[in-house]
Trainee: 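Structure provided below as structure tokens; questions to follow.
In what follows, every heavy atom counts, from backbone to side chain, and hydrogens, waters and symmetry copies are set aside. Chain naming here is simple, since letters A, B, ... match the order of the sequence lines and numbering starts at 1 in each.
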Number of protein chains: 2
Amino acid sequence: MKATVPISSAGLKTACSQCNLQELCLPFGLSENDIDRLDELVGTRRKIKRQQHLYRAGDLFEAIYAIRAGSFKTDVLLEDGREQVTGFQMTGEIIGLDGISTEFHTCNSIALEDSEVCVIPYAKLEELSRKVEGLQHQFHKVMSREIVRDHGVMMLLGSMRAEERLAAFLLNMSQRFTARGFSSAEFHLRMTREEIGSYLGLKLETVSRAFSRFQDEGLIAVQQKHIRILDGAGLKRLLQHQPAGG
Amino acid sequence: MKATVPISSAGLKTACSQCNLQELCLPFGLSENDIDRLDELVGTRRKIKRQQHLYRAGDLFEAIYAIRAGSFKTDVLLEDGREQVTGFQMTGEIIGLDGISTEFHTCNSIALEDSEVCVIPYAKLEELSRKVEGLQHQFHKVMSREIVRDHGVMMLLGSMRAEERLAAFLLNMSQRFTARGFSSAEFHLRMTREEIGSYLGLKLETVSRAFSRFQDEGLIAVQQKHIRILDGAGLKRLLQHQPAGG
DNA sequence: CGCCCTGTTGACCCATGTCAAAGGCTGTGG
DNA sequence: CCACAGCCTTTGACATGGGTCAACAGGGCG
């Protein structure tokens with residue numbers, strides 16, 4: 001039952017103007033006119049199978065990517081094998097920005113499920129954003145938003161205790177699913193407990209125990225990767241007034 | 001003994017083309033010609049006294065700043081009073097990038113000593129970087145470098161133990177002092193143990209103890225904020241092969 | 001000169017890591 | 001369609017790194 005017509009993984013033409021992810025992606029806030037010009041820019045799509053790398057630390061940087069379907073994690077590896085997951089990305093989000101700095105990627109990007117990205121050649125993006133003010137501004141916002149997000153993660157890792165971190169994580173996921181038109185109360189996590197733990201600076205057992213405790217307290221219902229939020233306000237309450245940890 | 005001629009804190013004209021921090025700052029890599037055009041852009045300088053804010057979370061974002069003299073910390077505050085220091089900045093570094101995302105700053109920037117910054121009005125920067133390709137590229141690199149740096153901090157906070165964090169911090173400071181023409185082996189920290197601790201996700205007592213242990217082991221000599229690195233290789237060794245912590 | 005802020009050190013404790021075992025899901029091959 | 005293998009998750013028992021609390025010391029500024 002394989003596809004009888006082999007489809008080149010890099011052969012599909014993309015069109016931002018046709019895409020229903022506009023609101024979440026690089027075109028956000030641009031005029032129709034400007035979005036049409038973006039179409040020139042975004043070259044091809046690329047399919048990435050679950051567990052495969054979109055790029056690796058050390059790869060030459062040539063393009064940034066907009067996630068068209070699926071989801072990814074980015075991570076950094078230390079020589080001794082320790083892994084730090086630096087983020088989870090969903091549809092409409094832009095990845096690869098780390099590569100601009102040195103012309104080489106500094107982290108790995110791995111698909112959490114079969115996924116598809118729009119390839120945005122970076123040289124072309126710079127060129128076009130010199131002509132299209134709205135694009136320039138939106139691109140800067142995307143980068144700045146990444147910086148702000150990173151600061152939030154630092155806050156999480158540097159100042160919050162295990163349960164606060166997980167609560168913040170769940171609320172963040174919920175909000176992002178909502179923005180994509182999915183239920184805010186019920187969703188399917190694509191990553192393992194170990195990956196969540198790495199992101200949150202915790203061991204997988206600690207993550208698992210925190211899930212169990214949340215469930216015992218009636219805040220959520222967990223079944224493997226399937227999460228149902230029963231008491232979002234309760235989760236939010238966890239984020240405040242906690243005695244400072246770690 | 002006050003200055004007899006009152007100097008407006010915002011009245012001094014800046015010139016990148018004259019500045020000896022070029023190599024570390026926004027002009028890096030630009031042609032002489034392009035740097036001359038930067039001079040139009042960079043409006044004024046502003047002096048900030050020790051402990052004063054350059055901007056606060058919630059302030060309207062209008063400009064980014066290049067540090068001309070002195071040093072700063074940036075931090076994020078939680079409602080319950082917890083503070084996370086997100087970075088320490090030295091001469092030539094650019095601060096304020098967090099504000100692009102929402103038009104409002106999301107963190108506080110506080111001078112660690114009497115300092116001076118060059119004010120770079122953001123609207124003008126976007127305008128000029130549409131005309132000057134090199135400036136555009138350099139600005140993007142600055143933002144990307146901040147993202148990469150943040151990932152490094154996440155690694156630190158998420159995967160390293162207390163002594164590794166401090167060793168990484170000291171090596172990083174050493175390297176940045178070197179880049180500024182100061183000794184790599186001997187320097188003066190501008191921040192308190194508490195601020196270092198907040199940055200590294202540790203309590204001040206833990207930072208103090210780690211300093212003492214490093215001293216006992218002959219890796220460094222500490223006297224208050226004055227640090228002398230005696231065995232840089234030893235510090236580097238601490239960063240590897242450590243059993244994964246926290 | 002004295003106060004206050006910063007830093008150091010000790011004793012104790014707790015949150016989270018470590019190690020271990022077992023159960024459930026999923027995918028694959030027979 | 002079933003059985004098996006491997007991964008993921010959960011849970012328990014125990015260990016420990018770093019937090020907490022407290023006392024004190026040094027240095028700089030008023």
Side-chain angles (χ1 to χ4, degrees), chain A residues 1 49-51 73 81-85 112-114 156-167 169 188-217 220-227 238 242-246, chain B residues 1 49-51 73 81-85 112-114 156-167 169 188-217 220-227 238 242-246:
Chain A
M1 292 315 150
K49 284 221 166 297
R50 187 173 127 84
Q51 301 285 34
K73 70 170 177 181
R82 279 180 281 181
E83 176 196 33
Q84 176 69 32
V85 170
L112 293 174
E113 59 194 304
D114 293 357
L156 204 140
L157 291 170
S159 308
M160 291 166 61
R161 1 189 57 213
E163 295 195 0
E164 293 179 272
R165 296 184 201 186
L166 189 65
F169 170 75
H188 191 84
L189 297 175
R190 288 349 255 238
M191 67 293 287
T192 66
R193 299 287 188 265
E194 184 167 19
E195 286 164 334
I196 297 172
S198 171
Y199 180 61
L200 299 178
L202 303 169
K203 291 296 169 188
L204 67 93
E205 294 93 330
T206 305
V207 173
S208 179
R209 277 188 248 270
F211 270 125
S212 299
R213 208 159 328 134
F214 285 175
Q215 179 154 250
D216 293 347
E217 287 162 11
I220 63 175
V222 194
Q223 194 172 16
Q224 304 286 119
K225 296 189 157 72
H226 192 88
I227 307 288
L238 273 182
Q242 278 307 102
Chain B
M1 297 312 151
K49 282 221 167 300
R50 188 174 126 85
Q51 301 284 36
K73 70 169 178 181
R82 278 180 280 181
E83 175 196 36
Q84 176 69 32
V85 171
L112 294 174
E113 58 193 306
D114 293 358
L156 204 140
L157 291 170
S159 308
M160 290 167 62
R161 0 189 59 214
E163 295 196 358
E164 295 180 271
R165 296 184 201 187
L166 190 65
F169 170 75
H188 191 84
L189 297 175
R190 288 350 254 238
M191 66 294 287
T192 66
R193 299 287 189 263
E194 184 166 20
E195 287 164 334
I196 296 172
S198 171
Y199 179 61
L200 299 178
L202 302 169
K203 292 295 169 187
L204 67 93
E205 294 93 331
T206 305
V207 173
S208 179
R209 276 188 250 270
F211 269 125
S212 299
R213 209 159 327 136
F214 285 176
Q215 179 154 251
D216 292 348
E217 287 163 9
I220 62 175
V222 194
Q223 193 172 18
Q224 303 286 119
K225 295 190 159 72
H226 192 88
I227 306 288
L238 273 182
Q242 277 307 102

Trainee: Enter the distance from B/Thr192:OG1 to B/Lys73:NZ here, rounded to the nearest 0.5 Å.
Mentor: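 Those atoms lie 7.0 Å apart.
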
Trainee: Please give, in whole Å, the distance from C/dG7 C1' to B/Ile196 CD1?
Mentor: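 The answer, rounded to whole Å, is 11 Å.
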
Trainee: Can you confirm whether B/Leu166 sits close enough to B/Ile196 that some side-chain heavy atom of one is under 4.5 Å from a side-chain heavy atom of the other?
Mentor: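 Answer yes - side chains close enough.
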
Trainee: Rounded to whole Å, how long is the line connecting atom CG of B/Leu166 with atom P of D/dG18?
Mentor: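 Answer to the nearest Å: 12 Å.
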
Trainee: If I take atom CG in residue B/Leu202 and atom C1' in nucleotide D/dG17, what distance separates them, rounded to the nearest angstrom?
Mentor: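 To the nearest whole Å, that distance equals 11 Å.
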
Trainee: Please state how far atom CZ in A/Arg213 lies from atom P in C/dT16, giving the value in whole angstrom units.
Mentor: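 So the two atoms are 8 Å apart, to the nearest Å.
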
Trainee: Should we say atom CD of A/Glu113 is surrounded by more than 12 heavy atoms from elsewhere, each under 6.0 Å from it?
Mentor: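 Buried by this count: over 12 neighbours within 6.0 Å.
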
Trainee: Who passes side-chain contact (heavy atoms from CB on, under 4.5 Å) against B/Arg50, sequence neighbours left out?
Mentor: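 B/Arg50 satisfies side-chain contact (heavy atoms from CB on, under 4.5 Å) with B/Asp114 only.
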
Trainee: Rounding to 10°, can you tell me the angle the first-five-pair axis of the helix from C/dC1-D/dG30 to C/dG30-D/dC1 makes with its last-five-pair axis?
Mentor: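 Overall, the helix from C/dC1-D/dG30 to C/dG30-D/dC1 bends by 40° from one end axis to the other.
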
Trainee: Would you say A/Phe214 and A/Val222 make side-chain contact, with heavy atoms under 4.5 Å?
Mentor: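 Of all side-chain heavy-atom pairs linking A/Val222 with A/Phe214, none is under 4.5 Å.
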
Trainee: For B/His188 and C/dG7, give me the distance from atom NE2 to atom C1', rounded to whole Å.
Mentor: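 Whole-Å distance recorded here is 13 Å.
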
Trainee: Would you say CD of B/Gln215 has more than 12 non-hydrogen atoms from neighbouring residues, nucleotides or ligands within 6.0 angstrom?
Mentor: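 For B/Gln215, atom CD is crowded (more than 12 foreign heavy atoms under 6.0 Å).
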
Trainee: Between B/Arg193 and B/Lys225, is there a donor-acceptor pair closer than 3.5 Å when you use the side chain of the first and the backbone of the second?
Mentor: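 Pair absent, no side-chain N/O of B/Arg193 close to backbone of B/Lys225.
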
Trainee: Using only atom types and a distance under 3.5 Å, with no angle test, would you say the side chain of B/Ser198 pairs donor to acceptor with the backbone of B/Glu83?
Mentor: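 Yes: the side chain of B/Ser198 pairs with the backbone of B/Glu83.
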
Trainee: Would you say the side-chain atoms of A/Arg190 pair up with the backbone N or O of A/Leu112, donor to acceptor, closer than 3.5 Å?
Mentor: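 Answer holds: no.
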
Trainee: Across nucleotides 5-13 of chain D, 5' to 3', mark each nucleotide with B, S or - according to how protein heavy atoms within less than 4.0 Å reach it.
Mentor: ---SSBBBB

Trainee: Output the rounded distance in Å from CZ (B/Arg165) to C1' (D/dG19).
Mentor: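 The answer, rounded to whole Å, is 13 Å.
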
Trainee: Rounded to the nearest Å, what distance is computed from the CG atom of residue B/Leu200 to the P atom of nucleotide D/dG19?
Mentor: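 Distance check: B/Leu200 CG to D/dG19 P gives 11 Å.
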
Trainee: What is the distance from CZ of B/Arg161 to P of D/dT16, rounded to the nearest Å?
Mentor: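 Result: 11 Å.
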
